[in-house]
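What follows is a set of notes on a single structure, which appears directly below.
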Amino acid sequence: MGVGYNPPPEKRPMGTPYDPAAIEPFWQEWWAAQGYARVDTAGPKDLYMLMMFPYPSGDLHVGHGRNYILGDCLFRSFLMQGRRVLNPMGWDAFGLPAENAAIKRGIHPREWTLANIARMKAQFRRWGILYDWDKEIASCEPVYYRWNQWLFLRMLREGLAYRGQAPVNWCSSCHTVLANEQVVGGSCERCGTPVVQRELEQWFFRITAYAERLLEGLDRLPHWPEKVKTMQRNWIGRSEGAEFTMQIAGRPNLPGLQVFTTRPDTAFGMTFAVVAPEHPLVAELTTPEQRSAVETFCERVRHSTEVERLSTEGSLEKRGVFTGSYAVNPFNGRNVPIFIADYVLMSYGTGAIMAVPGQDQRDWDFATAHGLPIIRTVQPPEGWEGEAYTGDGPAINSDWLDGLDVATAVQRATAWLEEKGIGRRAVHYRLRDWLISRQRYWGTPIPVVYCERDGIVPVPEGELPVLLPTDIQFAGLEGNPLAKSASFVAARCPSCGGAARRETDTMDTFVDSSWYYLRFVNPAVEDRMFDEERVRRWMPVDLYIGGIEHAILHLLYARFIYKVLSDFGLVPGDEPFPVLFNQGMIVARSATSGKLEKMSKSKGNVVAPDELIERYGADTERVYTLFMGPPEKECEWTEEGVAGAHRFLQRVWAMADAVQAASGRAGEAEATARLEVARHQTVKRVSEDLARYKPNTAIAALMELANSIAAAASTASGAALAEAYETLLRLLHPIAPHITEELWRARGHESSILTAGWPSYDAELLARQSVTLAVQVNGKLRATVSAPRGTSQEEAVNLARQAAARWLDGKVVVKVVHVPDRMVAFVVRG
RNA sequence: GCCGGAGUGGCGGAACGGUAGACGCACCGGACUUAAAAUCCGGUGGGCUCCAGCCCGUGCGGGUUCGAAUCCCGCCUCCGGCACCA
């Protein structure tokens, strides 16, 4: 026994009621004192499991519990199976809410964050969740964020971080720019404010350089949900095609217009070309007669929001204007008018397209709206009544491509462009570089200074970390408080020693979470980003559990940074999380809409764990959370369900007395044997169900065992009852840890049930049991017969013949199917 | 529009192509109780019949198979993601 061991009463008096409040805190303290979750990462690796580290918002509801309860259930079962498991927890501690709280209530973000961490830690403990707290990390600590800065500098050196001018997403409510991934439907992911485009100079990570590898890596992740992989594939958005340059008619001095298309086969059908309003050639292409129309149009586009620009009305109208210039289609030498239209985006491809209305609906719409000709270059199928035709078919109106199918024509056209030296095969991605600058205080300072003489100068590694200043006033402030801290902004140029201005932007907090899992193996390490030697042994994470909301954001960034670190030679392999499990949301009926929705205060459907634990205990919450449905599915929280879970635990509790009372009884042989079989079967089922992440069916099996024990309480032998009951307790422990510890102790065991080992089952005993065979006649179930497992076909068919005699008499049996130990099927005629 | 996922009793949900509805909730009946709650025991897909049985049932329509909730084709509905990406 460890230090501080404080034993519970040796034996509960008979009939003691189940009072979770009286037992749960004791065990929580005891587990912590015993350090069951502690693992020495200096030793060899066995298993590394991880739940996505949370943002310490402070408010936890039962919906949040799902992730952690599932993780703890698996963790405890691993421990009982004798595995050495690294199961750490930390805090994604930088972020906007802390700063907003500071502005609103005058508390420093750090204080607010640390208080929330303390609250959440206490909540985990009340849930009976075990972590190796020796490994705890918080991303807001200099010892952590210093390495964000180090990573940034290293990436800057390798050309993977850069400062660039680009139209970026600006949220006027959060007063900061956002990454593309943080804009949902044209609005800020966090606050819902419509995002506006601003042309700003910002810091980027060159994630696009890894687009192909991020895509390819997905194929090597068989244990990721298909859904997440699909979402990432769509987000990266690879498209293959060709790029080529068109001369501008009568303007030999101009560089030519470069376009990207996935359908070079349709080039003979080009009837116009389109450039984006932001295209650098716009001014050159615009003829004097068209100047005022073009300027008016571009001005209008500049002032429209993302939402307006992408609105459906726009897509019907196809807003655009003629430049006055013509491009020469290299395929047939014809001149086509060049338009400016807002349906072409500067940020994709070359910002210019060849328009083929016959094969592209957007071009069709534009052509129709502007009275431009339409030439089909792929023969649509007979009876085609649609507009643009995008399917396969023989090429027409295309000179030397005529008659070829699309794939072949694409090949041929691309080859032709390459031969002529006017174009080449090209791949473009939808993925944009990751904008990491944020104009906020509570994040990692970007470690550069701006010097009048030397320009952008990185802070030398030896001067890291660039610390967040603490003397900051938040109240009544708008914008980035760092920019208003004179002492922070004033810096010396590391290069020339002259006066310089410090960068005041901080990093997107997704930088923090893209590598935190590497730090857990040795969180104290100070002179390196992480302990490479241990990381080499403990990575990858064998099981990563978290919500689907991070399908793109966190999981894409983390994969990217891991590949970068892999290229730096710092981590093994190139995928950090080979196994991913996404738990579903817990929803509840909203008080305002009446619909099932995610729990939130504004919807009045939040169930607070504290009240629930007070009333029923943490074990009840755990049982219900794990029982309500398969963990990957969305499930509805209901009060009745909670009561049912509690009833089950109460039954298990009350059963202790009956089992005790039967001690020493010889019992009836048949009832005893039946109970034994039930016990072995349950061990098998629960072990298998937990292994495939199905605690819901594992609990169903445990309920059945409890029912079997209750049914045999006055008939089976005392020894068999005790064995069955203790097995029930051990199998139930990962699900309901407190009650099982208490009952285990009450049965006289001195050490924790966590150390009692995982029960095993006798496969041979189960194999000896008789099975029920279904008897079908012409596919309909007509009888069942009981037979020993492994009964021969001949014998099984004989038994089945007798049982189904009624349906076989006077008929001719044409065919007999026998599935061993399952069923016999007769096919009859007449 | 494109890409995923899902449609099973009154409800949450179980079912390697082989007894559909495990387990739980809710409901009904019974026991205990002066009574109620709690607890315990039993019942519970629909229909026809009745104590044996029969028919119909997994969103809809087809198909494969001795046999389909499960596999294939075509629809419908819901949920999620992406959406003028050339």
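Values reported hereafter were calculated over all heavy atoms of this structure, with side chains retained and with hydrogens, waters and symmetry mates removed. So that the names make sense, note that chain A is the first sequence line, chain B the second, and so on, each numbered from 1.
Base pairing analysis places B:G42 opposite B:C28; the two distances defining the Watson-Crick or G-U wobble pair are each below 3.5 Å. Under the Watson-Crick or G-U wobble criterion, with both distances below 3.5 Å, B:C78 is paired with B:G5. Pairing for B:U49 is absent, with no Watson-Crick or G-U wobble pair whose two atom distances lie under 3.5 Å. The base-pairing partner of B:A15, taking Watson-Crick or G-U wobble contacts with both distances under 3.5 Å, does not exist among the strands shown.
When the side-chain nitrogen and oxygen atoms of A:W807 are compared with OP1 and OP2 of B:C54, one or more of them lie within a distance under 4.0 Å. Distances shorter than 4.0 Å separate none of the side-chain N or O atoms of A:N234 from OP1 or OP2 on B:C2. In this model, the phosphate group of B:G24 is approached by a side-chain N or O of A:N707 to a distance below 4.0 Å at OP1 or OP2. Taking only side-chain nitrogens and oxygens, A:R782 comes nearer than 4.0 Å to OP1 or OP2 of B:C54. Checking the phosphate oxygens (OP1, OP2) of B:C66, a side-chain nitrogen or oxygen of A:K815 falls inside 4.0 Å. The phosphate of B:A6 has neither OP1 nor OP2 within less than 4.0 Å of any side-chain N or O from A:K633. In this structure, A:R806 does not reach the B:C54 phosphate: none of its side-chain N or O atoms is under 4.0 Å from OP1 or OP2. Considering only side-chain N and O atoms, A:T697 lies nowhere under 4.0 angstrom from the phosphate OP1 or OP2 of B:A22. An OP1 or OP2 oxygen of B:A83 is reached within less than 4.0 angstrom by a side-chain nitrogen or oxygen of A:R430. Contact check, A:K780 against B:G57: no side-chain N or O comes under 4.0 Å of OP1 or OP2.
B:G13 and B:G45 have their C1' atoms separated by 15 Å, given to the nearest Å. The separation of B:U58 from B:A15, taken at their C1' atoms, amounts to 11 Å, rounded to a whole angstrom. Here the separation of B:A14 from B:G7, taken at their P atoms, is 9 Å to the nearest Å. Nucleotides B:U64 and B:U70 are separated by 15 Å at their P atoms, to the nearest Å. For the P atoms, the distance from B:A38 to B:A52 is 34 Å, rounded to whole Å. Distance noted for atom C1' between B:G59 and B:U8: 10 Å (whole Å). Distance noted for atom P between B:C75 and B:G21: 33 Å (whole Å). Across B:G1 and B:A69, the matching P atoms stand 31 Å from one another, rounded to whole Å.
Separating the CD atom of A:Q232 from the C1' atom of B:G80 is a distance of 16 Å, rounded to the nearest angstrom. Between A:L702 atom CG and B:A14 atom P there is a gap of 16 Å when expressed in whole angstrom units. Distance CZ (A:F339) to C1' (B:A86): 17 Å, rounded to an integer number of Å. Atoms CG (A:N696) and P (B:G24) sit 14 Å apart, rounded to a whole Å.
Below 30°, between 30° and 60°, or above 60°: for A:Y348 and A:H428 the angle between ring planes is between 30° and 60°, a tilted geometry.
Residue-level contact check: A:M703 touches the backbone only, with heavy atoms under 4.0 Å from sugar-phosphate atoms and none from bases. Among the heavy atoms of the strands, none lies under 4.0 Å from A:R238. Residue A:T772 is in base contact, counting any heavy-atom pair closer than 4.0 Å across all strands shown. Using a 4.0 Å heavy-atom cutoff across all strands shown, A:R685 reaches no nucleic acid atom at all. A:T262 comes within contact range of the sugar-phosphate backbone alone, with a heavy-atom separation under 4.0 Å but no base atom that close. Using a 4.0 Å heavy-atom distance criterion, A:R233 is classed as making no nucleic acid contact. Within the 4.0 angstrom heavy-atom criterion, only backbone atoms of the sugar-phosphate kind lie near A:G644; the bases stay farther away. Among the heavy atoms of the strands lying under 4.0 Å from A:E704 are primed sugar atoms or P, OP1, OP2 only; no base atom is included.
Nearest-nucleotide assignment on RNA chain B puts the 5′-proximal partner with A:R651, out of A:F826 and A:R651. Between A:A701 and A:Q650, the residue anchored nearer the 5' end of RNA chain B, judged by the nucleotide with its closest heavy atom, is A:A701.
Between A:M346 and A:H279 the shortest heavy-atom distance is SD-CA, 3.6 Å.
The base of B:G18 sits within donor-acceptor range of the side chain of A:Q776, with an N or O pair under 3.5 Å.
Checked against A:Y624 for a ring-ring contact (aromatic ring centres under 6.0 Å, His included), the options A:Y616, A:F648, A:W637 give a single hit: A:W637.
Closest approach to the A:T784 side chain among B:G12, B:G4, B:U19 is made by B:U19 (side chain taken as heavy atoms from C-beta onward).
In summary, A:E639 and A:R615 engage in a salt bridge, as defined by a charged side-chain N under 4.0 Å from a carboxylate O. Salt-bridge annotation for A:R376 and A:E387: absent, with no side-chain N of the basic residue lying under 4.0 Å from a carboxylate O of the acidic one.
Between A:F272 and A:F366, the gap from one ring centroid to the other is short of 6.0 Å.
Proximity of a side-chain donor or acceptor of A:R66 to a complementary backbone N or O of A:G584 within less than 3.5 Å is detected.
For B:G80, the base is anti relative to its sugar; the glycosidic angle deviates from 0 by more than 90°.
Inter-residue side-chain proximity for A:M270 and A:F331 is flagged as unmet; no heavy-atom pair is nearer than 4.5 Å.
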